[in-house]
Structure formats: structure tokens, C-alpha cells
Amino acid sequence: MSLKTRIEADRSRVFLRQDHFADDHTWNGITFNCVTDEEVALKRKNNNVNDISWDNNTRETVVYVREEDWPGRKVPNEHGFFDNRHMKIMQIQEDMGMLTIVLSTVSPKAVASE
């Protein structure tokens, strides 16, 4: 069995198993299986001083999904609803049949009062 075949099998058998890492989420009302990570997105946003998209009033989520399972268009600036929250695709990376998708949403911060 080739390495490529083993990696393809591992996508669902290990990484995207619901009893390991993955959960069901929705994109524009269509349910699919993926792994989400907001910590990676936060580190990417705060550690990269060259990132001109940095903004205190946005929230990012990184989604890991099999390429064939993503239920929408795979293009930057595509808008949709991820788990009923309006989000925009900021970045897409394809690697060995897996997509890494960075989603961003406006998240206004509360203003403290005295």
C-alpha cells in the first residue's frame, strides 16, 4: 500500500473520527464532519506582525476538512454561515486531500462602563 493511499485512509480513520477529534458542523445549513481550532487561529493572528488583516474586532476559526467533504465553494472572500454565524473564508490551503480553511467573523467587543 502506497503512502498516499495510507494518508487518504487515515484522514477518516484517525483524524476525522468523531470519538477522537472531529465534530459535526454546518456550512450554509449543510452538515459535514471537520475539526475546528480557534487557538491556532488566535496564534496566527497575534504572532504575525506582518498580518495586515489583524483586527481586535474579528474572530477567526481554522477548519480542517477532507477536500471532498467541504459543502461550499472553496474560494477566498466567500461568505457563508458556519454553525449559524456569518463568516468569510480568509484563506484556503490544500494538502494531501485535506483543506485548512481560515474563517473570520466580526466580533464586536463590549465597552466597559464605570
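No hydrogens, no waters, no symmetry mates; every other heavy atom, side chains included, goes into these values. Remember, it's a predicted structure, so these values are computed and weren't measured experimentally.
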What pair of heavy atoms forms the shortest contact from Thr5 to Ser2, and how long is it?
-> OG1-OG, 2.8 Å
Test ring-ring contact (aromatic ring centres under 6.0 Å, His included) applied to His79 - qualifying residues, sequence neighbours left out | His86
Find out if a path of hydrophobic residues (ILVMFWY) with successive side-chain heavy-atom gaps under 4.5 Å connects Val35 to Met98.
-> yes
Transitively linked via ILVMFWY side-chain contacts under 4.5 Å: Trp27 with Val62?
-> no
ILVMFWY cluster, Ile30 and Tyr64 together (side-chain gap under 4.5 Å) = no
For residues Ile101 and Ile89, report the shortest heavy-atom separation together with the two atoms involved.
-> CG2-CG2, 4.0 Å
Side chain proximity check, Arg85 to Arg59, heavy atoms < 4.5 angstrom = yes
Interatomic distance, OG1@Thr58 vs CG@Leu103, rounded to 0.5 Å, equals 12.0 Å
Is the closest side-chain heavy-atom distance between Leu99 and Lys74 below 4.5 Å?
-> yes
For Pro76 against Met90, the heavy-atom pair lying closest together = CB-O, 4.1 Å
Test item: Glu67 side-chain N/O and Trp70 main-chain N/O as donor-acceptor pair under 3.5 Å = no
Might you point out which heavy atoms bring Ala22 and Asn33 nearest each other, and give the distance in Å?
-> CB-OD1, 3.2 Å
For Arg73, does the CZ atom have more than 12 heavy-atom neighbours from other residues, nucleotides or ligands under 6.0 Å away?
-> no
For the residue pair Asn28 and Gly80, what are the closest heavy atoms and their distance?
-> OD1-CA, 3.2 Å
Do you know which two heavy atoms are closest between Met87 and Phe82, and how far apart they sit?
-> SD-CB, 3.8 Å
Is the CG atom of Asn84 crowded by more than 12 outside heavy atoms at less than 6.0 Å?
-> no
State the OG1-CG distance between Thr31 and Asp23, to the nearest 0.5 angstrom.
-> 12.0 Å
Could you give the distance from OG1 (Thr26) to CZ (Phe81), rounded to the nearest 0.5 Å?
-> 10.5 Å
Is the ring centre of Phe32 less than 6.0 Å from the ring centre of His25?
-> no
